[in-house]
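The shown structure was predicted, so the numbers you read here are calculated from the model rather than taken from an experiment. Just so you know, ligand 1 is whichever comes first in the structure, and atom 1 is the first atom listed for that ligand. FYI, side chains are in, hydrogens and waters are out, and symmetry mates aren't considered; it's all heavy atoms of this structure.
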Amino acid sequence: MAIVFHEESKEFHIYNNEVSYIIKILENNQLGNLYYGKRLRDRNTFAHLLQGDLKPLSAYVFENDYKLSLQHTKQEYPSYGTTDFRYPAFEIKQENGSRVTNFEYHSHKIFAGKKKLDGLPATYVEEQTEATTLEITLYDSLINTEIVLSYSIYENRPVITRNTRFIHKGNSKVILTRTMSAAVDLPDSDFEMVHLAGAWSRERHVKVRKLEQGTQGIHSMTGTSSADHNPFIALKRPNTDETNGEVYGFSFIYSGNHLEQVEVDTFDRTRVLIGIHPDTFEWPLEDGEEFQTPEVVMVYSSQGLNKMSQSFHNLYRSRLARGYWREKPRPTVINNWEATEMDFTVEKILSIASAGKELGAELFVLDDGWFGSRNHDKAGLGDWYVTNFNKLPEGITGLANKVDEMGLKFGLWFEPEMVNKDSDLYRNHPDWIISTPNRRSSPSRNQYVLDFSRKEVVDYIYGLMEKVLSESKISYVKWDMNRYITECFSNDKTAEDQGKTFHKYVLGVYSLYERLIARFPYILFESCSSGGARFDPGILYYAPQGWTSDDTDAVERLKIQYGTSFVYPVSSMGAHVSAVPNHQVGRITPIETRANVAYFGAFGYEMDLNTLSVEEKEKVKDQIEFYKSHRELLMNGTFYRHLSPFEGQVTAWSVVAEDKSKAIVGYYKVLNVPNDSWKRLKLQGLDPNKQYSLNGNPSRIHYGDELMQVGIIIEDKDFCANAGDFSSAIFVLKEIEALN
Ligand code: GLA
């Protein structure tokens, strides 16, 4: 791994064994990009890769010099208004109203390791040798402002991370109106854009479309990363599939409004911009003030989408997620939400918990409905203490003790950022909600958003949560966030500072997480947002797992978990078995299939297990046993997607142990096909020379090469539920020596 500066050609080459990224200081002292992709052998200059001569109608940079127009130059951090007409990476409004800037190369630093981003989540290193960082400082003397572009390359990963810092040294006020975290100009447009779109209950469905001239992109202006568009895009070559071909993945470590935009110009050059959404952002900088953008993670793969995803999984599992629970086996959960919603008694809760305990669950989670006057969704949010002692006579402490006595850990639901008007909090602090003066405040689920851009609001909520969590035996917190932000306005800010509100809100959420995880390092935090509406890498830095979706139907979960796996590791995806008919879609699927899907996530149950038949209970017991004995592999193994639920009736995926001694394959059939053809499933990532047994069956022993070249021969008897609709099969592969 290296970052080399070639003095003579003024070029930076950032590379490791897998990727190269090459930057050049151009004739006008601004930065151009020469190359991003598979590793190139280093040489003194790659200047010939600039290739951007003038075209008719081009404006050019220097008088009587007809070579340089920024319009045709692949740049590092482009601006608008001076010979480039594409969307820019940043925009700074100045006191005289101008938005034209001239940021020239000033200096650079190369150092081992990777810096933390103040107040923001980011990938990190544990040893300085794991990454090298290049910081290039650009300077505009007219406004006395610096931009620091930061690039870190990991040693053993095809990963480059980027972020940008604006430092206003001053002499007049400037206003940042656009601050992308990264811009990447690519020399052609022969790509398809892959992204993860959705809505409540069908989050992160995989979408693929061919790039066309003009702009295309995704965004969120909901105040959160949203269920609509996950902050991720990839550009893949048209023939790239899961196993072969080139793909560039871009993931944004942020939980607020975001923009991922791809612009193809009329000469088929492609510009990728990723950052905080500029339309809901404005950040004035006084003399001496700075602004730090969140981080973008760029993964390059020349071996298809699986390799891209595996690089994200590995990085996010081990160098984004943090803390005690990072790589620990996650407890099997029993959650009461779908069983009772808010209508419960202590007896009911204890009976659900005890049925869970009997069948092997390890953690009981009490969901919504335990605090304030919360019996329905019109009241209580904001009052994070028990007031209804009819419902919980001994409060949370008493209930937690009882659950603890049963031998189960206890977890609790919060929605820290929200308030109902019918609450003590709102009655005491009506100005603490985000709302625009003299305008209607639009409710959503009868609730309003607390202004987390204000420190005193965050401090207050911290105080309430700290009290509950320190007074009772609580091992787990489900942190929910059930609405988007409307009428965004902060009552403690001046007119000029209103444009800071959305971003400061996100910083407020991060600060509360940070304080709580520092105070309670052994509590496992699971994020949630009406299911998976804020399932993003920013939150993953604080909460190592998230509730993937409120949709617990096994068939729907195939799509949701498959799409989520494009970026996020199995260890991050909360996945529970729930009752049938399914609450969201009314579908009846076999309990085996529900578990076979949920195993590929942080596993649990979302139902009253008392309602099951004796036979079903036995199955649940076996499922929990199965999960416990395989969870380390399921959570930390290398995940492969094989067959896509978006392309046919059959879905398949697998995880393979790092030493290739074991693998677990999930194979799922949605609708049965009459008189179907014979099926084989080709695996990946096994050791070709090892012999594996399938489900311990002595007559199904095969070498890895056969399992990868020919595949598992799928037999009807492999399926649960008579191989009918919604049936599935799990194959556990074990290296044959490991059997004995
Ligand atoms: C959201 C969550 C659910 C549940 C409810 C409680 O919808 O996604 O899992 O916690 O809130 O109100």
*Take every heavy atom of M342, measure it against each atom of ligand 1, and state whether any distance is under 4.0 Å.*
no
_Cation-aromatic face contact K421/Y448, 6.0 Å, 45 degrees_ = yes
_Does K628 qualify as a cation-pi partner of F626, given the criterion of NZ or CZ under 6.0 Å from the six-membered ring centre and within 45 degrees of its axis?_
no
*Distance filter under 4.0 Å to D368 heavy atoms, resulting ligand 1 atoms*: 6 (C), 12 (O)
*Is the ring centre of F535 less than 6.0 Å from the ring centre of Y568?*
yes
*Does ligand 1 have a heavy atom under 4.0 Å from the side chain of D377, from its backbone, from both, or from neither?*
neither
*Within 45° of the six-membered ring axis of W325 and under 6.0 Å from that ring's centre, is NZ or CZ of R317 located there?*
no
_Give me the residue, atom name and distance of the protein heavy atom closest to atom 4 (C) of ligand 1._
D367 OD1, 3.4 Å
*For K478 and ligand 1, does the shortest N/O to N/O distance drop below 3.5 Å?*
yes
*asked:* Once you restrict to heavy atoms under 4.0 Å, what part of S530 touches ligand 1? Side chain, backbone, both or neither.
replied: backbone
*Give yes or no for whether the N/O distance cutoff of 3.5 Å, strictly under, is met between E606 and ligand 1.*
no
*Look at E514 together with R322 and state whether they make a salt bridge at an N to O cut-off of under 4.0 Å.*
yes
*Would you verify whether the NZ or CZ of R204 falls within 45 degrees of the ring axis of F566 while also being under 6.0 Å from that six-membered ring's centre?*
no
*Do NZ/NE/NH1/NH2 and the carboxylate oxygens of D422 and K378 come within less than 4.0 Å?*
no
_Does any N or O of ligand 1 fall below 3.5 Å from an N or O anywhere on C528, backbone included?_
no
*Test the K467-Y385 pair against the cation-pi criterion, namely NZ or CZ under 6.0 angstrom from the six-membered ring centroid and within 45° of the ring axis.*
no
*Which atoms from ligand 1 have a heavy atom of W547 less than 4.0 Å away?*
8 (O), 9 (O)
_With a heavy-atom distance limit of 4.0 Å, tell me whether R445 approaches ligand 1 through its side chain, its backbone, both, or neither._
side chain
_Distance filter under 4.0 Å to G531 heavy atoms, resulting ligand 1 atoms_ = 8 (O)
*For atom 1 (C) of ligand 1, find the nearest protein heavy atom and state the residue, atom name and distance (0.1 Å precision).*
D480 OD2, 3.1 Å
*State whether the shortest distance between N or O atoms of W337 and N or O atoms of ligand 1 falls below 3.5 angstrom.*
no
*May I ask you to decide whether D459 forms a salt bridge with R515, counting only side-chain N to carboxylate O separations under 4.0 Å?*
yes
*With a 4.0 Å heavy-atom cut-off (strictly under), which part of E341 contacts ligand 1: side chain, backbone, both or neither?*
neither
*Can you tell me which residue and heavy atom of the protein come closest to atom 7 (O) of ligand 1, and the distance to 0.1 Å?*
D550 OD2, 3.0 Å
*asked:* Which of the numbered atoms in ligand 1 are under 4.0 angstrom from any heavy atom belonging to N482?
replied: 1 (C), 7 (O), 11 (O)
*Flag the pair E487 and R440 as a salt bridge only when some basic side-chain nitrogen lies within less than 4.0 angstrom of an acidic carboxylate oxygen.*
no
